[in-house]
Amino acid sequence: MSNKERAIQLLDGIPENKLVFVIDMLENLKAYAGEEIEPDDWDLQMIERAGKENDGHGVPVEVLADELGITL
């Protein structure tokens, strides 16, 4: 099933009085479709920071959960 077919399927399940919210979201998304937004100063700082902190290796979810005190 394509994304468009899935979207139509989901729309069919939404009551008519709630569709106004979906239409508003879609119109806003369409306005930005394909638009490339240049990174601002904050974005560039975060990219630089991530480059310094990221050694290219991932962290196993078990290690992250342990650091956060979460039991999986």
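Numbers here are sequence positions counted from 1. Owing to the predicted nature of the structure, the values given are computational and were not obtained by experimental measurement.
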Enquirer: Among the clusters formed by ILVMFWY side chains lying less than 4.5 Å apart, do Leu26 and Leu19 turn up in the same one?
Expert: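 Yes, one cluster joins them.
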Enquirer: So which atom in Val20 and which in Asn17 form the shortest heavy-atom distance, rounded to 0.1 Å?
Expert: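 Taking Val20 first and Asn17 second, the nearest heavy atoms are CG1-O, 3.9 Å.
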Enquirer: Count I, L, V, M, F, W, Y as connected when their side-chain heavy atoms are under 4.5 Å apart, and connections chain through other members. Are Val63 and Leu68 then in the same cluster?
Expert: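 Yes, one cluster joins them.
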Enquirer: Would you say CG of Asp41 has more than 12 non-hydrogen atoms from neighbouring residues, nucleotides or ligands within 6.0 angstrom?
Expert: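 No - once you tally the heavy atoms of other residues, nucleotides and ligands closer than 6.0 Å, there are 12 at most.
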Enquirer: Should Val22 and Ile8 be regarded as members of a common hydrophobic cluster, given that ILVMFWY residues are connected when their side-chain heavy atoms come within less than 4.5 Å of each other, either directly or indirectly?
Expert: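 Different clusters.
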Enquirer: I'd like to know whether CG of Asn3 has more than 12 heavy-atom contacts from other residues, nucleotides or ligands below 6.0 angstrom.
Expert: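 Counting neighbours around CG of Asn3, 12 or fewer heavy atoms of other residues, nucleotides or ligands fall under 6.0 Å, so no.
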Enquirer: Of all heavy-atom pairs between Val59 and Leu64, which one has the smallest distance, and what is that distance?
Expert: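 Nearest pair, atom of Val59 first, then Leu64: CG1-N, 4.1 Å.
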Enquirer: Can any side-chain N or O of Asp43 pair as donor or acceptor with the backbone N or O of Asp40 at less than 3.5 Å?
Expert: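 Indeed, once roles are kept as given, a pair shorter than 3.5 Å links the two residues.
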Enquirer: How does the hydrophobic cluster around Trp42 look, that is, which other residues are in it when side-chain heavy atoms under 4.5 Å mark a link?
Expert: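 Besides Trp42, the cluster holds Met46.
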Enquirer: Could you measure the distance from the CD atom of Glu62 to the CD1 atom of Ile70? Nearest 0.5 Å is fine.
Expert: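 The CD1 atom of Ile70 is 12.0 Å from CD of Glu62, to the nearest 0.5 Å.
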Enquirer: Is a side-chain N or O of Asn28 found less than 3.5 angstrom from the main chain of Asp24, in a donor-acceptor match?
Expert: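 Indeed, once roles are kept as given, a pair shorter than 3.5 Å links the two residues.
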Enquirer: May I ask you to test the Leu44-Glu48 pair for a side-chain heavy-atom distance under 4.5 Å?
Expert: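 In short, these two side chains do not touch, never coming nearer than 4.5 Å.
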